[in-house]
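In this text the structure is predicted, and so the values were computed from the model without any measurement. These values consider heavy atoms only, across backbone and side chains, with no hydrogens, waters or symmetry-generated copies.
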Amino acid sequence: MDDSDRLSALRLELRRSLGNERYDLWLGPQTTLTLANGVLMVGCASQTEVQWLRRNLQTTLSECGAAIFGTLPAVEFAASAQAAEAAQT
């Protein structure tokens, strides 16, 4: 399973865990997820979203990541231009 397959599986697990409405609101197409060297990077459109996701969903992201990846990933958050562009469309 390559990283894109793992990230797709992670998104499905997050949707299952959070429910469709919450997932779409906070982790839908406006939020980027990337995986590199065991670190799950969550890209958000703004620093406000970064803070909210870190405070409210870091545990869920970690737990779902562990279920899919087999180990508890480090989760990092950052405001990203790519996520900001996606949020505007």
Side-chain angles (χ1 to χ4, degrees):
M1 182 184 282
D2 68 12
D3 284 350
S4 66
D5 292 335
R6 286 185 186 96
L7 289 171
S8 292
L10 175 61
R11 284 195 174 272
L12 288 173
E13 182 65 16
L14 287 164
R15 185 177 289 280
R16 184 202 61 74
S17 177
L18 296 170
N20 287 332
E21 191 172 309
R22 259 184 95 199
Y23 175 86
D24 288 340
L25 178 63
W26 292 108
L27 297 173
Q30 73 280 6
T31 304
T32 61
L33 298 177
T34 55
L35 184 64
N37 301 318
V39 176
L40 176 63
M41 178 58 73
V42 182
C44 308
S46 70
Q47 193 60 38
T48 300
E49 287 181 48
V50 166
Q51 292 170 353
W52 192 94
L53 289 174
R54 183 179 290 127
R55 189 173 51 250
N56 293 286
L57 295 181
Q58 182 157 6
T59 299
T60 302
L61 286 159
S62 294
E63 290 171 350
C64 290
I68 298 303
F69 308 140
T71 62
L72 195 63
V75 180
E76 296 181 8
F77 299 85
S80 87
Q82 182 183 359
E85 288 174 18
Q88 292 175 353
T89 58

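For the atom pair L10 CG and L35 CG, the distance stands at 8.5 Å (nearest 0.5 Å). The structure places CG of N20 at 12.5 Å from CG of L25, a figure rounded to the nearest 0.5 Å. Atoms CZ and CZ, on F77 and R55 in that order, are 11.0 Å from each other to the nearest 0.5 Å. Once rounded to the nearest 0.5 Å, the distance linking CG of L40 with CD of Q58 reads 9.5 Å. Remark: L27 CG to T32 OG1 distance equals 10.5 Å, nearest 0.5 Å. Expressed to the nearest 0.5 Å, how far CZ of R54 lies from CD of E49 amounts to 12.5 Å.
Residue V50 comes nearest to A78 through the heavy atom pair CG2-C, 3.5 Å, listed as atom of the first residue, atom of the second, then distance. A66 and P73 get closest at one heavy-atom pair: N-CD, 3.7 Å. The two residues I68 and R6 come nearest to each other via the heavy atoms CG2-O, 3.7 Å.
When atom types are taken as modelled, the side chain of N37 and the backbone of V39 share no donor-acceptor pair closer than 3.5 angstrom. The backbone N or O of S17 lies less than 3.5 Å from no partner atom in the side chain of R22, so there is not a single donor-acceptor pair. A donor-acceptor pair is defined here as one N or O able to donate and one able to accept, closer than 3.5 Å; no such pair exists between the side chain of Q51 and the backbone of S46. With T31 contributing its side chain and V42 its backbone, the two residues share no donor-acceptor pair below 3.5 Å.
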Point to revise | Pair W26-T60, side-chain contact (heavy atoms from CB on, under 4.5 Å): steps then yes or no | key: CA-CA 12 Å; W26 292 108; T60 302; over 6 Å; no
Practice item. Mind running side-chain contact (heavy atoms from CB on, under 4.5 Å) on T34 and D3 for me, showing each step along the way? Key: CA-CA 8 Å; T34 55; D3 284 350; over 6 Å; no
Practice item. Apply side-chain contact (heavy atoms from CB on, under 4.5 Å) to the pair L14 and L57, showing each step before the final yes or no. Key: CA-CA 10 Å; L14 287 164; L57 295 181; over 6 Å; no
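With hydrophobic clusters built from ILVMFWY side chains whose heavy atoms lie under 4.5 angstrom apart, W52 shares a cluster with L61.
If you check the side chains of R16 and Y23, you find no donor sitting under 3.5 Å from an acceptor.
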